[in-house]
J.: 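I'd like to ask some things about the structure below.
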Amino acid sequence: MGSVQLVEWPEPVVRVQTLSESGLAAIPAHYIKPHADRPSLSAGLDGGASIPVVDLEDSDGSGAAAVAAACREWGFFQVVNHGVDRGLVERAVEVWRAFFRLPLEEKQAYANSPATYEGYGSRLGVHKGAILDWGDYFFLQLLPEKLKSPEKWPALPTHCRETVQEYGDELLKLCKRLMKLLSISLGLDVDRLPAAFGGDDVGATLRVNYYPKCPQPELALGLSAHSDPGGITVLLADDAVKGLQVRKGDRWVTVQPLPGAFIVNVGDQIQILTNAMYKSVEHRVVVNAEKERLSLAFFYNPKSDLAISPVAELVTADRRAMYPAMTFDEYRLFIRSKGPKGKSQVTSHQKYDSLRRPTMQPPCVRA
Ligand code: OGA
Ligand code: NI
């Protein structure tokens, strides 16, 4: 992995928004997913199942139990009464809608490269000839401070930078609360997971996803199936345009965001730290022909040069450590070079079963 050169994109970058707005009737071949990966867009296939809702203001202390159940069953939940000001959330959405409405030349000033991914992007992964996803995004780094470069954030619309900072500060507070709740939910000391993440030296990034209208949504995906490589993700999704689907066994369940709620999911670093007590869950995004969709994904990650391996309290004689130590800096190179590949990274990172017998890796991990 260390030899992968993440310097430039392997092909000229085409903005999905430009394609969409050109009014083409058929999508280019390199956005057409293989049959097995195509979404089923007919309604009702998820049987009415939905991800759990956790009320952070519950008065009876049931939050941790609700989180434990949600993480075991789904790896995903929605949080309500989370304390983040509704007006701020609406302003954050509005500045990003305005950013994506800017003329292409304005946005191109922020064109990103795979070296850091910061800026305006249209692909994840550097494999030449890859089947691409139907979405553009803006990616930026909020923490650690030394990696924060507000001059790389959009100068327009006015107030974009301040709003991003304000939104980031609030989401950071929310993630700190969630990390404590996750610790308690596992029967750990309240500060156990926060400490394993590096205390105050965590990483935080924001990925604003913009999924333009797609003339053939049954052939494409806005974001291919993946688990999030980091710690926890707090997603703000449009409650008027569905798109996020979460894997439940062999089905994909479409999430219906509650107005004002955030969608929370645990990433691979939590799966590793908890010795797979909690598992990161695959999810993907479907697109649609009538409406564009915007989402804000806030990623809360461990300090990037800290070795992450299962916490001692969750390693026992019956459940030995399943993952070797790896820093998040190293871990995230996989998705940055290969793009979204389901759960193949965390699966191949598992070196032992719970009895510490070496795991048999399939000769070719599902791509
Ligand atoms: C992500 C993600 C989901 C969405 O950015 O990692 O899963 O609904 N986004 O945009
Ligand atoms: Ni994701």
Side-chain angles (χ1 to χ4, degrees), residues 16-17 37 39 41 50-51 74-79 89 92-93 96-97 100 112 117-125 132-142 167-168 171 175 203-214 217 220-248 252-258 261-271 279-288 291-301 328 331-332 334-336 338-346:
V16 177
Q17 184 175 8
D37 295 346
L41 299 176
S50 53
I51 63 171
W74 289 87
F76 266 82
F77 53 94
Q78 304 203 40
V79 283
V89 171
V93 169
W96 286 108
R97 281 196 197 290
F100 284 101
N112 75 348
Y117 275 87
E118 290 170 288
Y120 181 43
S122 297
R123 67 184 289 161
L124 190 49
L132 300 179
D133 288 337
W134 193 262
D136 299 326
Y137 63 86
F138 199 101
F139 181 72
L140 58 87
Q141 188 96 32
L142 285 151
Y167 185 78
L171 274 272
C175 286
T205 60
L206 180 69
R207 179 177 151 117
V208 182
N209 296 293
Y210 176 70
Y211 306 103
K213 290 181 213 172
C214 179
L221 286 170
L223 188 51
S224 292
H226 64 283
S227 60
D228 292 338
I232 47 184
T233 304
V234 178
L235 183 83
L236 176 70
D238 191 329
D239 58 49
V241 191
K242 285 185 278 191
L244 175 63
Q245 296 189 321
V246 173
R247 185 188 278 287
K248 181 74 173 152
W252 290 99
V253 173
T254 302
V255 174
Q256 175 60 67
L258 295 171
F262 287 112
I263 297 162
V264 177
N265 64 287
V266 298
D268 295 349
Q269 302 307 305
I270 293 289
Q271 175 165 336
K279 294 194 179 68
S280 60
V281 166
E282 256 181 295
H283 51 287
R284 68 180 187 182
V285 174
V286 299
V287 285
N288 79 78
K291 290 179 183 150
E292 58 182 32
R293 178 171 176 272
L294 185 84
S295 71
L296 273 58
F298 181 88
F299 301 108
Y300 187 83
N301 299 325
F328 184 55
Y331 193 90
R332 70 174 154 204
F334 179 103
I335 195 165
R336 288 187 169 198
K338 299 191 181 188
K341 296 276 178 231
K343 283 208 62 162
S344 63
Q345 183 182 14
V346 73

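Sequence positions, counted from 1, serve as the residue numbers for this chain. Just so you know, ligand 1 is whichever comes first in the structure, and atom 1 is the first atom listed for that ligand. What you see is a predicted model; the values in this text were computed from it and never measured.
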J.: Anything under 30° is parallel, anything over 60° is perpendicular, the rest tilted; go ahead and classify Trp96 against Phe100.
T.: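 Correct class here is tilted.
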J.: For Val16, is there any backbone N or O sitting under 3.5 Å from a side-chain donor or acceptor partner on Asp136?
T.: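 Looks like yes, one N/O pair under 3.5 Å.
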J.: Go through Asn265 and Asp228 one step at a time and tell me if the side-chain contact (heavy atoms from CB on, under 4.5 Å) criterion holds.
T.: CA-CA 8 Å; Asn265 64 287; Asp228 292 338; 3.0 Å; yes
J.: Would you say Glu292 and Tyr211 are linked by a side-chain donor-acceptor pair, where the criterion is simply a distance under 3.5 Å?
T.: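 No - no donor-acceptor pair under 3.5 Å links their side chains.
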J.: Near the Ni ion (ligand 2), which protein N/O/S atoms fall under 2.8 Å?
T.: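 You should have found His226 NE2, Asp228 OD1, His283 NE2.
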J.: Over 60° means perpendicular and under 30° means parallel, so tell me whether Tyr117 and Phe139 are parallel, tilted or perpendicular.
T.: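 Plane angle over 60°, so perpendicular.
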J.: Flag the pair Tyr137 / Asn209 as yes when at least one side-chain heavy-atom distance between them is below 4.5 Å, and no otherwise.
T.: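 Tyr137 vs Asn209: side chains touch.
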J.: Taking the side chain as C-beta and beyond, is there a heavy-atom pair between Lys279 and Ser227 under 4.5 Å?
T.: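 Lys279 vs Ser227: side chains apart.
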J.: Does a side chain donor of either Lys343 or Gln271 reach within less than 3.5 Å of an acceptor in the other side chain?
T.: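 Side-chain D/A pair, Lys343 to Gln271: present.
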J.: Is it true that Arg97 and Asp238 make a salt bridge, defined as a side-chain N closer than 4.0 Å to a carboxylate O?
T.: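 Judged by the 4.0 Å cut-off on N to carboxylate O distance, Arg97 and Asp238 do form a salt bridge.
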J.: Between ligand 1 and the protein, tabulate every N or O atom pair separated by less than 3.5 Å, reporting distance only.
T.:
unit_1   : atom_1 : unit_2 : atom_2 : d
ligand 1 : 5 (O)  : Asn209 : ND2    : 3.2
ligand 1 : 6 (O)  : His226 : NE2    : 3.1
ligand 1 : 6 (O)  : Asp228 : OD1    : 3.2
ligand 1 : 7 (O)  : His226 : NE2    : 3.2
ligand 1 : 7 (O)  : His283 : NE2    : 3.0
ligand 1 : 8 (O)  : Arg293 : NH1    : 3.1
ligand 1 : 8 (O)  : Arg293 : NH2    : 2.9
ligand 1 : 10 (O) : Asn209 : ND2    : 3.4
ligand 1 : 10 (O) : Tyr211 : OH     : 2.7
ligand 1 : 10 (O) : Ser295 : OG     : 2.6

